[in-house]
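Just so we're on the same page: letters track the sequence lines, and every chain starts at 1.
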Number of protein chains: 2
Amino acid sequence: MTDERMALVAKALAHPVRIHIVRLLAAQSECRGHEVFADLPLAQSTISEHLRVLKEAGLVQSHPVGTAMVYCLVGGVLEEFGAAIGEIAATVSECEPDEGACDE
Amino acid sequence: MTDERMALVAKALAHPVRIHIVRLLAAQSECRGHEVFADLPLAQSTISEHLRVLKEAGLVQSHPVGTAMVYCLVGGVLEEFGAAIGEIAATVSECEPDEGACDE
DNA sequence: ATCGTTTATCGCCGATGGACGATGAAAGCT
DNA sequence: AGCTTTCATCGTCCATCGGCGATAAACGAT
């Protein structure tokens, strides 16, 4: 996963409300839009915007059902991102103590 | 891990240059500042700012060695974040096909 | 046809982000 | 003392974000 792609996904997740939405979508297969709207004390337009950001990052997809929309996570993207993070974390070589403890 | 904390870490990672820096720091235990500066075609002040963002998010720590600085990743933070992402991903229940394929 | 429901988009605003150059501070070297 | 190296901070500029209300678009129901 390229730096740019990782940064894009991270940017999409860089807001508590969007993390909340992602958790919500992960937790339930039923993902009607108005449930998302009802779950947060924000204007409908604001949440719609957050959903748009998540869709543009490829994390969320949606399709209309009648007058409503069904949102759900795109399979694999979150896994890939988490795995990419884990990969980096796995290569960490801690600061060598002989160079001084890495305190702030 | 709270939504807020996850969003903070994600925000710190929401820039290709910072992803690059994190990879760099993960790859080598030697993490003198000027190596970071030399590795990127950006002004020194710009990179210093990126490092500050990473430090404020708790991803990076640093300590002075003589006139230089040594930067390194804070152990565990990246793992925790990756694990939190993986946790969410693990709970994903795909859109039920009976409700229509989740195409864009 | 008209209305209500649901969602997306627009325009606006204040706040934040990201880049730069310039300046400042700390430490080592001569 | 004076110079160099290394890094942080400041001020400025422009772009983007995040919030809102208002409005539009799509659709089902009456």
Side-chain angles (χ1 to χ4, degrees), chain A residues 3-4 6-22 24-25 30-72 95 99-100 102-104, chain B residues 3-4 6-22 24-25 28 30-57 59-72 95 99-100 102-104:
Chain A
D3 293 354
E4 283 71 20
M6 290 194 66
L8 281 179
V9 176
K11 183 186 276 191
L13 296 174
H15 196 289
V17 167
R18 291 198 289 267
I19 295 279
H20 185 88
I21 292 174
V22 167
L24 199 67
L25 295 185
E30 273 292 312
C31 36
R32 303 288 170 132
H34 63 273
E35 301 181 53
V36 185
F37 297 148
D39 194 51
L40 290 162
L42 289 172
Q44 172 267 330
S45 55
T46 301
I47 299 182
S48 181
E49 178 69 11
H50 283 304
L51 283 165
R52 189 187 61 79
V53 171
L54 290 170
K55 282 171 66 174
E56 280 190 356
L59 281 162
V60 164
Q61 53 194 356
S62 64
H63 64 98
V65 168
T67 166
M69 288 291 275
V70 173
Y71 299 94
C72 59
C95 261
E99 297 203 312
C102 263
D103 306 319
E104 174 51 16
Chain B
D3 292 356
E4 284 72 20
M6 290 195 65
L8 282 179
V9 175
K11 183 186 276 190
L13 296 174
H15 195 289
V17 168
R18 291 198 290 267
I19 295 279
H20 185 87
I21 292 175
V22 167
L24 200 66
L25 296 185
Q28 56 184 35
E30 273 292 312
C31 36
R32 303 289 169 131
H34 64 271
E35 301 182 54
V36 184
F37 296 150
D39 195 51
L40 290 161
L42 289 173
Q44 172 267 330
S45 55
T46 301
I47 299 181
S48 181
E49 178 70 11
H50 283 305
L51 282 166
R52 190 188 61 78
V53 171
L54 290 170
K55 282 171 66 176
E56 280 190 356
L59 281 162
V60 164
Q61 52 194 357
S62 64
H63 65 99
V65 168
T67 164
M69 289 291 276
V70 172
Y71 299 93
C72 59
C95 261
E99 296 203 314
C102 264
D103 305 321
E104 173 51 16

Pick out which of B:Val22, B:Ile21, B:Val17, B:Ile19 makes a side-chain contact (heavy atoms from CB on, under 4.5 Å) with A:Asp3. B:Ile19
Dump the intermediate steps for side-chain contact (heavy atoms from CB on, under 4.5 Å) on A:Asp39 and A:Ile47, then the final yes or no. CA-CA 10 Å; A:Asp39 194 51; A:Ile47 299 182; over 6 Å; no
Nucleotides 6-22 of chain D: protein proximity per nucleotide (B base, S sugar-phosphate only, - neither; heavy atom, under 4.0 Å): BBBB--------SSBBB
N/O donor-acceptor pair under 3.5 Å between A:Arg18 side chain and A:Lys11 backbone: yes
Residues which pass side-chain hydrogen bond (donor to acceptor under 3.5 Å, both in side chains) with A:Glu35, listed by chain and number, not counting sequence neighbours: A:Gln28
Going by the rule side-chain hydrogen bond (donor to acceptor under 3.5 Å, both in side chains), which residues pair with A:Glu4 if we only count those two or more places apart in sequence or in a different chain? none
Take the protein atom CG of A:Leu40 and the nucleotide atom P of C:dT7, then report the distance between them rounded to whole Å. 14 Å
